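Letters A, B, ... are given to chains in the order of the sequence lines, protein chains preceding strands, and every chain is numbered from 1. Quantities reported herein were computed from a predicted structural model and do not represent experimental measurements. Side chains are part of it too, since the values below use all heavy atoms of this structure and drop only hydrogens, waters and symmetry mates.
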Amino acid sequence: MTDLLAHQEGARCLLMGNEAMARGALEAGVNVAAGYPGTPSSEIIENLANAAQNGRLYVEWSTNEKVALEVAAAASFAGLRSLCVMKQNGVNVASDFLLHLAGSGTRGGMVLVACDDPGALSSVNEGESRHFARLVEIPLLEPGGFQEALDMMKWAFALSEKIRNIVMVRSVTRLSHASGNVVLGPLPGVDAQAVFRYNGNILDPMEGPVISMPVTAKHGLQQKKLRQAVALFDASPFNTYTGPDAPEILCITASAGYLYSKEAIDLLGLEDRVGLLKLGTTWPLPSRLLAKYLALTHQILIVEEVTSFLEDNVKILAAGMGPEIGVKTIFGKTDGTIPSVGELNPDIVIHALLKITGVDYQGVPADYTQRAETIADTGAPARDLTFCPGCPHRASFWSIHMALQMDNRQGFVCGDIGCYSLAIFPTGFSTLKTVHSMGSGTGIASGFGKLGPFGMNQPVLAVCGDSTFFHAVLPALVNAVHQRSEITLVVLDNSGTAMTGFQPHPGLSVDASGNAVPGLDIARICEAIGAGVRVCDPFDLETTRQTLFDLLESRGGVNVLILKKRCALSPERKARKDFKMSVDQAVCLGSNCGCNRLCTRIFRCPGLIWNKEKKMTEIDEVICVGCGVCASICPSGAVVKKEKA
Amino acid sequence: MHIYGAKQLQEDVFGQDLCIGCGACIDLCPYFKSHNGKTTLVFPCDLSEGRCYAYCPKAEVDLDELSRQAWDGPYTGRSLGNFREIIATRAGKKMSNGNFQAGGTVSSLVASALKHHRIDAAILTDRDGLKPVPRRVTDWREVVRCAGSKLMVSPTLAAMNHGLRDGFSCLGVVGTPCQMTAVAKMRGNPMSKENFADPIALTIGLFCNWSLDARQLASFLSEKTDVSGIRGMDIPPPPANVMVIETGNGQLEIPLSEIKPLIPPTCFICLDMTSEWADVSVGMFEGRPGWNTLIIRSEKGAELVQQARDAGFLETGGMPVDTHMHLSNAALEKKQRSLRTLIRRELINNNNDKRSALRVAPGIVQKILGSKTERP
């Protein structure tokens, strides 16, 4: 993490896109920032939390994205500048409040940063947050570079105060997580005072109560302000054109697509034929600006990630301007010139331009992919996605899988979002059979658990992490208990929001900035809700499995099993070995009947190596974290654990 | 005998609902587990040959091969199998009174065998609540605790496998016909293990027409009575036609017609009513309460009975011809019924790489199907 307060105005720094956005917020004088962790967004709040230790800035990891947006909105209502950060699907969670917030308007500058994940590199969806800007009628900005990420944040706060509504800034993984040079601006002094005024007229945006009613009146006001934003967008320096005065093709793009397009045009040497219109303000579209550039040519290529948001909106504008600008041929996702799923890259844009221009270009040899695959086949072993060595989830899913198999009633587990989503793969013994949004495993299980009268007699389990428990499982658990659904919820409590980097959650007694706060006890909450609660150490495989049998056979409502063990990468466990592991090669059965490499073929902890020559298991001393679980699964007792002194 | 691996066992036995849950594949490796009367392959195993398949009494059982191994001759299809003598027996004075199903012969023979060091340990079936559980017993005085019929499938052979892992080399095993078949397969060293020495010193087989699915029975009984209060259960000989449940509040009688749907389908492919591969086989003595029918098959079995009688563990008596014939007819009917099912389900004597549950010389199949029951 970079100390964003260490550098002075004018300093040139190498910053991650997320750091640039955090610095932009600091330069805008942000007072309150809230978010829920999610790749690729998490570093923004983390950097601000770090900066909060030195000044008057309040930063929190909220229970979920909706609460984060509400927390940030309160600061705005009190006249402060506030920021809310989340990943793409977090906006879905926050969207109910977002709709009403857009209706009520804001006071102090308020910015929502949504970081999308094209290609779902760290997601189980390819969701697009941009549509929310159009849906709830708020301005949308998309930085197309690192400096712009910083500058645009500052401008977003100013814009928000101009139109008295929330402004959305959308980033993508390749911008959030790549780094570039950024020149820093000044940091303002801190003199903000928080007061919530509510005695004015209901239509007074600064003095009245903050509500979205009277709805049509407020809605009309919101749209009027949005039109003001469009006027500003038409003149915004974030929208730029480079290229000839009379291009053959106009390439319209935004965000990371700008960088890919620039590179593609450069590689193809098409600077004289292709004009590049980079938009920083993508909703509402700057109509006058677009009219000017659309008039330059009849061939338009639209380059964007993920869905055809720009494309659709440009088409609507172009249709309306037809008499003025003429008929256009628009290339993009709809006609297949640009793929409609996955991340973009310069090659994709190159191929799009080749298709339109007919230019002859050989980027990589035609057989490159095939040759690369051939080499990879012989040279690089296949690497599955896997739990880390010593991960408590591997042990937990071992027991869950074993209990369900032995129970032999086709029981299954509904999962959701966390490292444990990997249990759809062999690393978790393919235990998960549904994975959707945060908390949805428990909600789905609650539904399955009511299908007994329709003949369903399969045991129903759900799993969730400790952070997810607070985020979205609670309402589903309440539902399951209240509706007498027959389910077992297994809380895989690894004491932190581990997948995104150990951000704290309400179950922990520390906040985003390291201050002591009350931690909530998951077991007591579940008991209070009315569930039967058991707690086990997942590394104790025998007790965990026996407890699962008890719960699977118990009749009557909801049971919760909390499998509590710190994440192997947590600061508390990292670089600490509880046991020195070894394999007694005289005892190891290897691939013989009686074992058939249970540890390296099925359990598959990366700390275990199959020595092909010796036909024996060995411990990889570098990778093994000494958790000792493999000693419990070895059928012959060949894996030995010795307590570390 | 053809041997395959876990994958084929999964297809042939689990996939065709033939697993009886005898425990033969349990505790040999980490892949097969038994829980509440059901055996499951918990993780895939890709070995082409495994002891799981080699020992399974429902997969590629070659009766000629078993017969040559046990009796030095091909399988004859005789209704009661190979035997020397059939007598009536009951527990002798040396045995304290146990919760015997009939005459207490099994407990008496096992106790005598342990007492006289014919075996180091006995593999028996105990009860945990309603659930039958495998038990290894080394003290002859503890045998009687396991007395009484369980009527349910039990993974008893898991305790045999466990005993062998623990180094026992002189075991006695009590089990049902399917379990005796598995033990016989195991004793033939089908995996050609080097330095193999037969670790089984005694086999006592039980008569069995069918067994009951442990889970289904538990669930069925839980609707009739408080399961935790059940002390014993029995199916008295015809014409009673009921199952008798002993509870703290007296007896509960359940018509057999209600119980029969709980019979695992695999019992209907079993040719063996009297545990033909055991040293001795024990069952009820129809028409003489408090006594057992004992079939003495091997020399070892004859020695065991002689010793038990001499030491006061066992009392013996004669067997009327009618009773013998009645038993023989019942055993033949089971063979005929099951053979027809095996043929209908294409589980017997398949060719062209199609695996079979059972292999029997075709002439013997015809002989059994053509046999007539005898009338007194």
Side-chain angles (χ1 to χ4, degrees), chain A residues 394 397-411 426-431 452 457 459 541-542 545-555 587-604 610 615 617 629-639, chain B residues 3-7 9-10 14 17 19 21 25-55 129-131 153 155 158 161-162 164-166 186 189-194 213-216 218-219 222-223 227 264:
Chain A
R394 179 179 288 102
F397 282 110
W398 179 270
S399 300
I400 294 170
H401 172 88
M402 199 80 113
L404 282 178
Q405 290 294 113
M406 290 172 68
D407 178 76
N408 202 327
R409 287 180 290 164
Q410 282 72 53
T427 189
F429 320 108
S430 306
T431 310
N457 52 15
L541 302 179
E542 191 55 41
R545 190 173 73 189
Q546 200 48 54
T547 307
L548 279 162
F549 283 147
D550 292 350
L551 297 181
L552 286 171
E553 277 158 33
S554 79
R555 282 282 173 274
V587 180
C588 177
L589 290 171
S591 53
N592 290 326
C593 180
C595 181
N596 191 16
R597 296 178 50 201
L598 183 75
C599 62
T600 54
R601 199 176 58 87
I602 304 289
F603 188 66
R604 302 220 292 195
W610 173 244
K615 295 194 181 304
T617 290
V629 176
C630 54
S632 307
I633 67 128
C634 176
S636 56
V639 182
Chain B
I3 299 171
Y4 300 93
K7 186 171 172 284
L9 193 66
Q10 174 90 350
F14 297 94
D17 212 1
C19 177
C25 59
I26 307 298
D27 247 333
L28 295 169
C29 72
Y31 298 97
F32 287 94
K33 298 279 177 195
S34 175
H35 176 67
N36 263 358
K38 285 269 181 264
T39 302
T40 323
L41 178 65
V42 291
F43 292 111
C45 172
D46 55 5
L47 293 181
S48 57
E49 289 189 353
R51 290 173 293 173
C52 52
Y53 201 102
Y55 299 173
L130 193 61
K131 200 163 63 178
V153 176
N161 292 332
H162 203 265
L164 299 180
R165 281 166 67 111
D166 287 350
M186 183 275 283
N189 190 22
M191 298 283 281
S192 308
K193 196 176 152 193
E194 280 176 45
D213 183 285
R215 288 187 187 192
Q216 288 187 42
S219 138
S222 67
E223 286 169 19
V227 174

Quick one: [atom1] on [X] to [atom2] on [Y], what's the gap to the nearest 0.5 Å?
{"X": "A:Arg409", "Y": "B:Thr40", "atom1": "CZ", "atom2": "OG1", "answer": "11.5 Å"}
{"X": "B:Phe43", "Y": "A:Gln405", "atom1": "CZ", "atom2": "CD", "answer": "7.5 Å"}
{"X": "B:Ser34", "Y": "A:Asn408", "atom1": "OG", "atom2": "CG", "answer": "10.0 Å"}

Examine whether an atom of [X] lies under 4.5 Å from a heavy atom of chain A, and if so say whether it belongs to the side chain, the backbone or both; otherwise answer neither.
{"X": "B:Tyr31", "value": "side chain"}
{"X": "B:Asp27", "value": "neither"}
{"X": "B:Leu47", "value": "both"}

Over all atoms of both residues, closest heavy-atom pair of [X] and [Y]:
{"X": "B:Cys29", "Y": "A:Cys595", "result": "CB-N, 4.4 Å"}
{"X": "B:Arg51", "Y": "A:Gly594", "result": "NH2-CA, 3.3 Å"}
{"X": "A:Met406", "Y": "B:His35", "result": "O-CB, 3.6 Å"}
{"X": "B:Asn36", "Y": "A:Glu553", "result": "ND2-OE2, 3.1 Å"}

### Query
Under a 4.5 Å heavy-atom cut-off, does chain B meet the side chain of A:Ile602, its backbone, both or neither?
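For A:Ile602, side-chain heavy atoms alone lie under 4.5 Å from chain B.
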
### Query
What part of A:Arg597 is in contact with chain B, defined as an atom under 4.5 angstrom from a non-hydrogen atom: side chain, backbone, both or neither?
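Backbone only.
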
### Message
Tell me whether B:Arg165 contacts the main-chain N or O of A:Ser636 through its side chain, where contact means a donor paired with an acceptor under 3.5 Å.
### Response
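Here the side-chain-to-backbone pair does not exist.
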
### side chain to side chain contact (heavy atoms under 4.5 Å, CB included) partner of B:Pro30, chosen from A:Asn596, A:Leu598, A:Ile633
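That would be A:Leu598; it is the only one of A:Asn596, A:Leu598, A:Ile633 passing the side chain to side chain contact (heavy atoms under 4.5 Å, CB included) with B:Pro30.
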
